[in-house]
Each structure stands twice: as structure tokens, then as C-alpha cells.
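See structure below.
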Amino acid sequence: MLHLFTYKPFLQISLSGMFYYYCFFTILAFSPLVLGLSAIKIGFVFFAWGLCLAFGSAKIAHDLEARYNSKTILKFTLIACAIILILLGIIHVLWVRIALIIISGLILGINNALFTTTVIEHSPYARSVTSGAYNFVRWLGAAFAPLCSGIISETLGTSYPFLIAAALAIIGMAILFLKVTQPAEKQIEVME
């Protein structure tokens, strides 16, 4: 698994995924705190969000993948994710925030499916090894998001966790634009 972290195409997608998962968990773990709703109402919001997430992952992502390159789709969906996060940061109207959170489920579902597919496609290792290494990297972003969002919110205000997550989504998208190649001798070494 450690050799996989020296394989540049894998590392590129994994780092982008790490920034994306920070955004994902900012929406999942931090946004309920700013809604000011009861636990039951938050449950309904995230039930709708979860349905959208499942539909985005199981249906929309596969339909898009049949027509376009997964890395190209991710570039657009990461921008969409950043836009939603910016709007969550600057709009304080409750029903708009709820609508944005629910709609984000579609985009996040697409991203979840496509990041996994893309990282598996760009790895010379078995699916289980690639998945393990990718999960380690992406969940780092997920682990830091709730903690950092809380600290940022306490220090700067409740809008800033969303705005910082939006910046990280853009960084994640920019990473996908980098032209990354692995030297031939390094590819042979990795394949062995």
C-alpha cells in the first residue's frame, strides 16, 4: 500500500478526494448546527439529502459516466459543490439553506461514486489495495472537517466554515487539472 502513495496519478486523485471529503463533511456534520431546527426536523432534512445522495450516486453518476470522462465530470461537480458551499455561507434564509443542503446530496452522490471509480481506474494495484489506500487519504479530510469547522465557526463566525470548504473544493478541482505522469521505470516498479 505504501508504494501506491508514490504513484502520482493515484496520489493526484486521492488528494483531490481528501479536499472533497472535507467539503462533504462540512455539509454533513456542520450545517445541522447552523439550521437551528429540532432533531426531528434535521432528520427530515437529511433524510431528503440522503435520498438525493443515493440517487446521485446510483443513477446520475452512472448515466454521466456512460457519456463523459469521470475526471472531467468531477471538475464540474466540484465547482458545483463550491458554489453550494458559498451560497450556504452567504445566504442566511432558512428555507434556502435547507434547499441547498438537500440539492447538495445530488452533487455529493455523483462525486462519491466518481471519485471511487476514478481512483480505481488510475491505480496499477488490486481494487482492495487501492480502496484501502484511497480510504485512508479521503477520510483524513472527513476527520478534520467537523473539528476545523467548529474552530473556524467559533473564531470567525458561522459563514466561514462553508467559505473555507468552498475554497478547498476549488483546490480539489484544480488538482485534477494538473498534468500528472508517472515515469516509465517507476510504473514498472509499482506494477511489480
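A side-chain donor-acceptor contact under 3.5 Å links Thr77 to the backbone of Leu74. With hydrogens and angles ignored, the 3.5 Å screen pairs no side-chain donor or acceptor of Arg138 with any backbone N or O of Ser14.
Taken from OG1 in Thr116 to CZ in Arg127, the straight-line distance is 8.0 Å, to the nearest 0.5 Å. Summarising the geometry, atom CD1 belonging to Ile13 is positioned 11.5 Å from atom CG belonging to Leu114; distances are rounded to the nearest 0.5 Å. We find the CD1-CD1 distance between Ile107 and Ile60 to be 7.5 Å, quoted to the nearest 0.5 Å.
Checking Tyr21 against Asn112 by side-chain atom types alone, a donor-acceptor pair falls below 3.5 Å. Side-chain contact check for Ser70 and Thr117: no donor-acceptor pair (N or O, by modelled atom type) lies under 3.5 Å. Judged by distance alone, the side chains of Lys71 and Gln12 do bring a donor and an acceptor atom under 3.5 Å apart.
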Please walk me through it: do Leu53 and Ser57 pass side-chain contact (heavy atoms from CB on, under 4.5 Å)?
CA-CA 6 Å; Leu53 188 80; Ser57 180; 5.7 Å; no

Can Tyr20 and Leu15 be said to form a side-chain contact (heavy atoms from CB on, under 4.5 Å), step by step?
CA-CA 9 Å; Tyr20 159 66; Leu15 288 175; over 6 Å; no

Does the side-chain contact (heavy atoms from CB on, under 4.5 Å) test come out yes or no for Tyr160 and Thr155, once each step is laid out?
CA-CA 9 Å; Tyr160 285 91; Thr155 308; over 6 Å; no

Report the C-alpha separation of Ser159 and His92 in whole Å, then their side-chain angles, then the decisive distance to 0.1 Å, and conclude whether the side-chain contact (heavy atoms from CB on, under 4.5 Å) test is met.
CA-CA 9 Å; Ser159 293; His92 300 283; 3.1 Å; yes

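Residues passing the side-chain hydrogen bond (donor to acceptor under 3.5 Å, both in side chains) test with Ser31, sequence neighbours excluded: none.
The shortest distance between side-chain heavy atoms of Leu163 and Leu85 does not fall below 4.5 Å. You'll find the side chain of Val119 stays beyond 4.5 Å of the side chain of Phe115, heavy atoms only.
By the neighbour-count criterion of 12 heavy atoms within 6.0 Å, atom CD1 of Ile40 is sparsely surrounded, having that number or fewer from other residues, nucleotides or ligands.
Between Lys59 and Asp63 there is a salt bridge, since at least one side-chain N of the basic residue sits less than 4.0 Å from a carboxylate O of the acidic one.
For Phe144 and Tyr22, the gap between ring centers reaches or exceeds 6.0 Å. Aromatic pair Trp49/Phe24: centroids less than 6.0 angstrom apart. In this structure, Phe30 has its ring center closer than 6.0 angstrom to the ring center of Phe162.
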